[in-house]
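Each remark here refers to the structure printed beneath this line.
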There are 2 protein chains.
Amino acid sequence: MDQKTTIYDIAKKLDITAATVSRALNNNPKISEATRKLVLETAAKMNYKQNRLAQSLRSGKSNNVGVIVPRIDVNFFSSVIRGIEEELHPEGYHVIICQTHEDEKREIENITTLMNAQVDGILMSISNMSKENDPVIKHVVDKNVPLIFFDRKKKMDGVSSVTIDDFEGGYLATKNLIDAGCTRIAHFSGDRSLEIYENRFKGYEQALKDFGLEWNPDYVIQTKSNVDAGRNAVTKLLSLPNPPNAIFSSSDFAALGAIQELKENGIKIPEDFCVFGFGNEPFTRFLELSISSVDQSPLEMGRMAAKVFLEQISNTDNIKIEKKVVLKPELQIRKSSTR
Amino acid sequence: MDQKTTIYDIAKKLDITAATVSRALNNNPKISEATRKLVLETAAKMNYKQNRLAQSLRSGKSNNVGVIVPRIDVNFFSSVIRGIEEELHPEGYHVIICQTHEDEKREIENITTLMNAQVDGILMSISNMSKENDPVIKHVVDKNVPLIFFDRKKKMDGVSSVTIDDFEGGYLATKNLIDAGCTRIAHFSGDRSLEIYENRFKGYEQALKDFGLEWNPDYVIQTKSNVDAGRNAVTKLLSLPNPPNAIFSSSDFAALGAIQELKENGIKIPEDFCVFGFGNEPFTRFLELSISSVDQSPLEMGRMAAKVFLEQISNTDNIKIEKKVVLKPELQIRKSSTR
DNA sequence: CTGTTAGCGCTTTCAC
DNA sequence: GTGAAAGCGCTAACAG
């Protein structure tokens with residue numbers, strides 16, 4: 001039987017009106033205990049299922065939130081999503097997943113279709129800093145749909161964000177290398193037009209300055225977040241007249257590549273060379289030469305982003321809240337930087 | 001401006017009827033080019049956005065599918081989801097994520113709320129074999145909502161599934177160990193009430209039989225899928241009067257734990273002991289002693305599951321299709337089993 | 001080719 | 001406490 005039972009069906013059976021049924025189902029206070037009980041019972045008996053679509057259309061609330069990430073099969077993002085889902089599930093929200101593959105066209109498209117689907121909020125990590133998506137983001141804000149950036153954000157009025165303190169992460173990681181006795185510290189930066197990478201770089205720079213280490217532009221290399229990029233960058237570094245003896249990498253994957261290449265060049269880690277990563281990817285602690293890394297507490301970040309959304313959605317005043325949450329990064333110090 | 005423009009607004013402005021606007025917007029063939037163009041233009045000018053909720057209520061199609069997994073922050077599952085999303089996105093579907101944490105209560109609850117949300121289909125990997133969820137699954141099938149199991153499935157009428165050939169995976173992995181010269185091969189099985197683990201076990205058993213190796217019940221240990229479980233299981237194995245010299249583990253994590261424990265006991269891998277994992281988790285290839293593993297092609301599995309859904313949804317006849325797709329497992333042979 | 005009408009399933013005033 | 005009626009935004013059948 002493909003038939004749906006509606007509140008009308010149960011109203012008819014009980015010879016009352018659909019409105020009453022609706023009220024009973026929604027625990028409306030002004031309804032007699034007797035009818036409520038009766039309605040609930042027959043609803044169960046008739047296997048009645050609420051149609052949330054109709055409810056949503058009526059109320060203007062879909063009880064869905066959209067989450068937009070570059071790709072879902074990256075541990076950091078899937079962990080954030082897990083945090084979001086766990087926080088929002090008890091509140092009756094469903095999480096809709098969208099991937100951008102770092103493509104702003106798809107980012108824009110995703111935002112648009114989510115808006116068309118009447119999501120109650122959008123949580124996203126932006127792909128890059130192109131201005132192209134500004135209008136559509138502005139549109140979301142204008143429509144009073146809560147928008148929360150996590151990790152990779154953009155400065156925009158009316159948009160809240162949850163990030164970690166990347167500057168401090170970079171600073172502390174670099175300081176750890178300095179404490180380990182490293183004197184010539186290189187840095188693998190990501191795309192520095194993104195705040196997160198720029199801030200990690202700045203933290204690195206500040207630590208060098210604070211501890212009186214020389215700042216060498218040749219030591220800063222922009223890499224992608226993958227193993228090969230790390231290997232190539234190391235090759236470049238080793239060809240310098242005065243090669244470094246440590247790397248703070250903005251990416252765990254690049255850090256791994258660096259370690260592989262260093263080993264192949266007969267360089268001993270951590271004795272002769274230390275490496276610090278960023279992201280605390282699961283593999284960093286599984287390696288025999290475990291990699292020190294900055295943890296971004298993605299689960300917490302997801303939970304927090306969800307909480308900010310819930311706050312925003314329950315804000316009945318017409319005031320726009322713009323909340324900036326900054327989580328503390330936590331160092332995971334492992335073998336690659338311990339001596 | 002929080003105002004939504006509806007087709008009525010644009011109808012009024014153009015002094016035509018909403019139905020015409022709707023038709024123009026939906027590229028209905030019987031509409032004049034002139035009006036279509038006019039409508040499209042003013043729609044754009046008025047910043048009209050389609051309300052998919054209303055459309056859905058009307059059509060009975062939400063354009064959402066639900067995906068239920070134990071947890072999303074496991075590489076296998078997030079990769080499957082990526083595959084699903086990538087296949088379904090071009091078709092205009094959104095993917096709603098639900099996690100069960102291996103808890104059948106939550107599994108049932110998730111199915112129910114997804115049904116209430118009028119999803120057009122459900123793709124899921126079941127948590128365990130308890131019969132508790134049978135009625136609600138049956139309900140999905142009865143309502144003619146396509147249901148597709150991936151990886152962890154249950155035998156149920158009217159439900160399609162996409163899995164890999166776990167038997168063959170187990171068989172080939174074991175054969176690889178035998179080919180490497182291992183003679184006493186142990187097996188870490190998961191919860192064998194789940195088909196996937198039972199089949200991996202059977203493949204292992206068959207390979208032993210086919211190649212004339214002794215079958216020893218003490219060599220088969222049920223482990224959870226984590227590092228510590230693997231360590232403990234090895235401890236047990238090493239205390240046997242005649243310990244094994246190889247392990248085929250149904251879990252990469254347990255395989256890793258096994259390797260760690262073996263090393264600490266001074267056992268050389270792969271020289272004295274070989275290990276084969278299952279799942280091809282990213283870390284298996286990053287380790288210096290890389291771990292051989294059976295790849296489950298999760299991306300492909302997700303794509304396939306999505307395709308089966310699309311097939312099912314476009315099936316206008318009232319015939320129930322039940323499609324069973326079985327993907328070939330692929331061995332990734334690495335250092336831990338090569339000598 | 002376009003207008004009229006009805007209705008998807010639900011909630012929410014406004015009466016009584 | 002309950003009923004009547006309207007409407008969320010859209011589409012499809014039926015006319016013309």
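Every chain is numbered from 1 and lettered A, B, ... according to where its sequence line falls, protein lines coming before strand lines.
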For B/Q55 and C/dG7, what is the distance between atoms CD and C1' respectively, to the nearest whole Å?
-> 16 Å

Contact nearer the 5' end of DNA chain C, comparing B/S59 with B/A18 | B/A18

Whole-Å distance between D/dC10 P and B/K4 NZ?
-> 10 Å

Return the value, rounded to whole Å, for the distance between atom CG of A/N116 and atom P of D/dC8.
-> 19 Å

Sorted by chain and residue number, the side-chain contact (heavy atoms from CB on, under 4.5 Å) partners of B/K307 (sequence neighbours excluded) come out as B/E87

Might you work through the side-chain contact (heavy atoms from CB on, under 4.5 Å) test for B/R152 and B/E195, ending with a clear yes or no?
-> CA-CA 7 Å; B/R152 303 183 182 184; B/E195 277 187 29; over 6 Å; no

Residues touching DNA chain C, which here means a heavy atom under 4.0 Å, drawn from residues 27-42 of chain A = none

Please table the atom pairs, donor to acceptor, closer than 3.5 Å between any side-chain atom in residues 48-55 of chain A and protein atoms at least two apart or in another chain.
{"residue": "A/N51", "atom": "OD1", "partner": "A/L53", "partner atom": "N", "Å": "2.8"}
{"residue": "A/N51", "atom": "OD1", "partner": "A/A54", "partner atom": "N", "Å": "3.2"}
{"residue": "A/R52", "atom": "NH2", "partner": "A/S62", "partner atom": "O", "Å": "3.3"}

I would like to know whether A/H89 and B/Q99 meet side-chain hydrogen bond (donor to acceptor under 3.5 Å, both in side chains); could you show each step before the answer?
-> CA-CA 9 Å; A/H89 175 85; B/Q99 302 182 99; over 6 Å; no

What's the CD1-C1' distance between A/I7 and D/dA5, to the nearest Å?
-> 14 Å

Whole-Å gap separating P (D/dG9) and CG (B/L53) | 10 Å

Could you go through the side-chain hydrogen bond (donor to acceptor under 3.5 Å, both in side chains) check for B/S56 and B/Q118 one step at a time?
-> CA-CA 9 Å; B/S56 299; B/Q118 314 295 123; over 6 Å; no

Counting only side-chain N and O atoms of B/T20, is one of them less than 4.0 Å from OP1 or OP2 of C/dG3?
-> yes

Any donor-acceptor pair under 3.5 Å between the side chain of A/R52 and the base of C/dG9?
-> no

Phosphate-side-chain proximity, B/T17 and C/dT2, N/O vs OP1/OP2 below 4.0 Å | no

Separation of C/dA6 atom P from B/L57 atom CG, nearest Å, is 18 Å

If you look at every strand shown and take non-hydrogen atoms under 4.0 Å, does A/I16 touch a base, only sugar-phosphate, or nothing?
-> sugar-phosphate

Interatomic distance, B/N51 CG vs D/dG7 C1' [rounded to whole Å] | 13 Å

Between B/R23 and B/Y48, which has a closest nucleotide on DNA chain D that is more 5'?
-> B/Y48

Decide yes or no on side-chain hydrogen bond (donor to acceptor under 3.5 Å, both in side chains) for A/S32 and A/T35, but give the supporting numbers first.
-> CA-CA 6 Å; A/S32 81; A/T35 33; 2.5 Å; yes

Tell whether A/Y8 reaches the base of C/dC10 with its side chain through a donor-acceptor pair below 3.5 angstrom.
-> yes

Which whole-number value in Å describes the distance from B/K49 NZ to D/dC10 C1'?
-> 17 Å

Name the nucleic acid region contacted by A/T6, choosing base, sugar-phosphate or nothing; use a 4.0 angstrom heavy-atom cut-off, strictly under.
-> sugar-phosphate

Residue that, paired with B/E33, satisfies salt bridge (Lys or Arg N to Asp or Glu O under 4.0 Å) out of B/K30, B/R36, B/K37 | B/R36

